[in-house]
Amino acid sequence: MDNCLFCRIAGKEIPAKVVYEDAKMLAFEDIRPQAPVHVLLIPKSHFASLNEAPEGAEALLGELLFRAREIARERGIA
């Protein structure tokens, strides 16, 4: 999506302070955090909401949850 902010961040069009990245996902610090630790974790494939997650995305969604857990542990908030 050309106008999707998160797709533009994942595509490196908009700079971000990256916490984690692999071929499927990107985690980065929020530029206006609402908590002492505020990391956003997004899939690199676009879907606007969980309701729009395509069939077959179960593995990716599970990987996102496990990566979120690891990031929380690394930041001392698990």
Side-chain angles (χ1 to χ4, degrees):
M1 290 281 201
D2 290 338
N3 61 351
C4 173
L5 174 66
F6 295 125
C7 289
R8 293 180 65 205
I9 292 170
K12 307 297 188 203
E13 296 174 38
I14 297 174
K17 188 172 180 185
V18 175
V19 172
Y20 176 83
E21 181 174 16
D22 67 19
K24 299 176 191 175
M25 66 187 81
L26 178 72
F28 55 95
E29 293 184 3
D30 192 320
I31 60 170
R32 291 190 184 90
Q34 299 298 305
V37 176
H38 193 168
V39 174
L40 300 166
L41 180 60
I42 60 169
K44 287 188 174 179
S45 55
H46 175 84
F47 42 95
S49 70
L50 187 55
N51 288 332
E52 291 187 18
E55 292 295 321
E58 297 87 356
L60 172 60
L61 294 171
E63 289 178 45
L64 285 164
L65 288 172
F66 277 91
R67 181 55 55 193
R69 179 181 69 182
E70 289 303 311
I71 292 169
R73 284 179 180 164
E74 291 169 1
R75 304 228 166 206
I77 58 169

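Note that the numbering runs from 1 along the sequence shown for the chain.
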With rounding to the nearest 0.5 Å, note down the distance linking [atom1] in [X] to [atom2] in [Y].
| X | Y | atom1 | atom2 | value |
| --- | --- | --- | --- | --- |
| H38 | I31 | NE2 | CD1 | 11.0 Å |
| E52 | H46 | CD | NE2 | 6.5 Å |
| M25 | E63 | CE | CD | 5.0 Å |
| F47 | L60 | CZ | CG | 5.5 Å |
| I14 | C7 | CD1 | SG | 10.0 Å |

Could you tell me whether a side-chain N or O of K44 sits under 3.5 Å from a main-chain N or O of D22, the two making a donor and an acceptor?
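Pair found, side chain donor or acceptor close to backbone of D22.
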
So do the side chains of V37 and E74 get within less than 4.5 Å of each other, counting heavy atoms only?
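No, side chains not in contact.
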
Can you find a pair of side-chain heavy atoms, one from K12 and one from V18, that are under 4.5 Å apart?
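The answer is yes, as the side chains (C-beta and beyond) meet within the 4.5 Å cut-off.
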
Just checking K17: does its NZ atom have more than 12 heavy atoms from other residues, nucleotides or ligands closer to it than 6.0 angstrom?
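Incorrect, the count does not exceed 12.
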
Check the pair L41 / V19 against side-chain contact (heavy atoms from CB on, under 4.5 Å), numbers first and verdict last.
CA-CA 9 Å; L41 180 60; V19 172; over 6 Å; no

Path from V39 to I77 over hydrophobic side-chain contacts below 4.5 Å
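Same cluster.
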
Is there a path of hydrophobic side-chain contacts, each under 4.5 Å between heavy atoms of I, L, V, M, F, W or Y residues, that connects L64 with Y20?
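Shared cluster, yes.
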
Charged N to carboxylate O under 4.0 angstrom, E70 versus R73?
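Here E70 pairs with R73 in a salt bridge, since their nearest N and O are under 4.0 Å apart.
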
Non-hydrogen atoms of A10 and L26 that approach each other most closely:
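That closest heavy-atom pairing would be CA-CD2, 3.7 Å.
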
